[in-house]
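The block underneath contains the structure these notes are about, expressed in structure tokens.
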There are 2 protein chains.
Amino acid sequence: MTKAKPTQSTDAPKRQRLTRERIEVEALALIDEEGIDAFSTRNLGKRLGCEAMSIYHYFPSKAHILDALVDRVLGGMPIPDKSLSPAQRLRAFAHSWRAFARPHPRFYQWITLHRGNSATATRFLDEILDCFYDAGLPPEQATRGFLILGYYMTGALLDETSGYARGPSSLAPLPAEVVERDYPRVALIERVATVEHFDEIFERGFAALLREFGLE
Amino acid sequence: MTKAKPTQSTDAPKRQRLTRERIEVEALALIDEEGIDAFSTRNLGKRLGCEAMSIYHYFPSKAHILDALVDRVLGGMPIPDKSLSPAQRLRAFAHSWRAFARPHPRFYQWITLHRGNSATATRFLDEILDCFYDAGLPPEQATRGFLILGYYMTGALLDETSGYARGPSSLAPLPAEVVERDYPRVALIERVATVEHFDEIFERGFAALLREFGLE
DNA sequence: ACCTGAACACCGTTCAAGT
DNA sequence: ACCTGAACACCGTTCAAGT
């Protein structure tokens with residue numbers, strides 16, 4: 001019933017139109033692949049096939065792109081079903097948050113150091129707080145539980161994504177063989193803090209803190 | 001017996017000689033006062049009363065100054081007396097680390113995201129690990145304890161210095177009165193997470209995790 | 001309406017030159 | 001030995017101009 005579109009470009013779309021969506025997606029990819037320092041309007045322009053200045057037609061500044069990325073990420077976070085127990089819900093939040101951070105370590109760093117006080121972020125935080133209130137904790141205790149579990153969560157992810165084992169190195173690192181020889185206990189850290197152990201290690205502290213607040 | 005120096009400039013030393021020491025001290029002050037983004041060789045030169053390029057006579061690059069600052073901070077950290085119990089020593093480490101981070105929040109952010117793998121940093125980490133070994137934990141468990149307490153420590157300090165309540169704001173923050181009205185539980189966070197409560201809140205999670213590893 | 005190009009005030013760093 | 005100044009290849013962003 002509908003007319004077939006007559007003129008469709010036969011090969012690869014050469015110069016797609018810019019959209020906020022395209023800019024955000026490409027910005028995150030740029031940060032993932034080349035790091036936050038390489039995220040310049042000029043580099044982003046190159047990836048988008050336009051001049052740096054074209055981006056300003058969609059975002060008033062580079063900072064606004066990062067802001068939009070935060071909301072894109074937090075807004076896309078799955079909210080665990082309310083029928084689950086508070087502890088189960090918190091575990092689900094932790095799981096999604098970790099699942100996001102791992103493939104996006106450089107953006108995760110950025111998001112961690114900035115306030116989540118946009119409308120989207122506030123809504124997201126309120127959902128997490130709800131788990132503590134739902135468990136029957138009085139307001140002050142619920143808030144403390146939220147903070148303490150949050151500390152742990154933040155620190156664990158930072159260490160997994162960019163901490164001792166993964167962050168930018170010192171310019172004069174102690175050579176691995178010297179560490180092995182003189183600081184075997186430090187050398188062991190790298191063998192214990194591997195992807196295969198992260199879940200288990202994380203869970204141990206997480207469970208201890210949940211118990212401290214009588215959840216589970 | 002020694003000859004009195006004849007010509008001493010009578011008033012304020014106009015242009016002190018540059019030293020690594022002076023450069024490091026002024027760099028930290030610059031970061032503290034104006035933030036890591038304002039820490040440029042040109043701004044540092046202004047504070048030191050020299051051209052940006054003069055600094056390169058003492059440090060091969062800006063990154064080397066930051067590296068030196070990390071070692072200056074970690075090297076200056078007090079090592080708790082070995083006669084104390086492992087838990088007491090860990091508490092002392094936590095206390096000094098927090099005491100440093102609070103007046104230097106912007107540099108603390110930087111240090112957190114980078115690897116502590118210089119000679120000085122490695123020695124420092126080994127001292128912390130020693131507490132867990134000293135408590136009689138087998139190597140794997142000691143390492144896990146070190147990691148888990150470290151996660152918590154890192155996250156707590158980040159939140160105190162630059163997290164939800166203090167980090168750079170979203171460009172479109174939800175207005176305070178809207179948060180109060182629509183998200184009272186989120187609004188409560190700022191009233192609970194204040195300097196007066198930090199020690200107590202921190203201690204609660206810290207103690208729970210120490211207990212999880214049988215220390216104290 | 002959408003995109004560009006020149007320009008401005010910044011970066012880190014190199015290099016040749018001053019004292 | 002120590003410091004400087006011009007220069008290069010980068011930034012974010014403004015503004016006037018192109019289509």
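A, B, ... follow the sequence lines: proteins, then strands. Residue 1 opens every chain.
With DNA chain D read from its 5' end, the first of the two nearest nucleotides for A/Ala38 and A/Met53 is the one closest to A/Ala38.
Heavy atoms of B/Thr41 sit under 4.0 angstrom from at least one base atom. Residue contacts shown for A/Phe39 are limited to sugar-phosphate atoms, with no base heavy atom under 4.0 Å away. Nucleic acid contact for A/Asn43: sugar-phosphate only, since backbone atoms but no base atoms lie under 4.0 Å from a heavy atom of the residue. Within 4.0 Å of B/Phe59, counting heavy atoms only, lies no atom of the nucleic acid at all. Using a 4.0 Å heavy-atom criterion, one finds that B/Ser40 contacts the sugar-phosphate atoms exclusively.
A close approach under 4.0 Å does occur between a side-chain nitrogen or oxygen of B/Ser54 and OP1 or OP2 of D/dT4. In terms of phosphate contacts, B/Tyr58 brings a side-chain nitrogen or oxygen within less than 4.0 Å of OP1 or OP2 of D/dC3.
A/Ile55 has its CD1 atom 16 Å from the P atom of C/dC2, to the nearest Å. Look at CG on B/Leu44: it is 15 Å from C1' on D/dC3, rounded to the nearest Å. Taking atom CD on B/Gln16 and atom P on D/dC2, their separation rounds to 16 Å, with Å as the unit. Rounded to whole Å, the distance from CD on B/Glu34 to C1' on C/dC10 is 14 Å. Rounded to an integer number of Å, the gap from B/Tyr56 OH to D/dG5 C1' is 15 Å. In this structure, B/Ile36 atom CD1 and D/dC11 atom P are separated by 20 Å, rounded to whole Å. A straight line from NE2 of A/His57 to P of D/dA16 spans 15 Å, rounded to a whole angstrom. Across the protein-nucleic acid pair, B/Glu51 atom CD and C/dC15 atom C1' stand 15 Å apart, rounded to whole Å.
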**Test ring-ring contact (aromatic ring centres under 6.0 Å, His included) applied to B/Phe202 and B/Phe206, step by step** = CA-CA 6 Å; B/Phe202 176 79; B/Phe206 197 71; 5.1 Å; yes

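Salt-bridge annotation for B/Arg102 and B/Asp199: present, with a side-chain N of the basic residue lying under 4.0 Å from a carboxylate O of the acidic one. With salt bridges taken as basic N to acidic carboxylate O contacts below 4.0 Å, one links A/Arg144 and A/Glu140. Classification of A/Glu21 and A/Arg72 as a salt-bridged pair holds, one side-chain N sitting under 4.0 Å from a carboxylate O.
When the nucleotides C/dC2, D/dC3, C/dC11 are ranked by their closest atom to the side chain of B/Arg42, C/dC11 comes out on top. In the set C/dG12, C/dT4, D/dT4, C/dG12 carries the atom at the smallest distance from any side-chain atom of B/Lys62.
Between B/Phe124 and B/Trp97, the two ring planes are tilted [angle within 30° to 60°].
Inspection of the A/His57 and A/Ser54 side chains reveals no N or O donor paired with an N or O acceptor under 3.5 Å.
Here A/Arg204 contributes atom CZ and A/Leu209 contributes atom CG; the two are 12.0 Å apart, rounded to the nearest 0.5 Å. Atoms CD and NE2, on A/Glu160 and A/His197 in that order, are 13.0 Å from each other to the nearest 0.5 Å.
Annotated stems with DNA chain D as a participant read C:4-8 with D:12-16, C:12-16 with D:4-8, given as range with range, by first number; only runs of 3 or more Watson-Crick or G-U pairs under 3.5 Å qualify.
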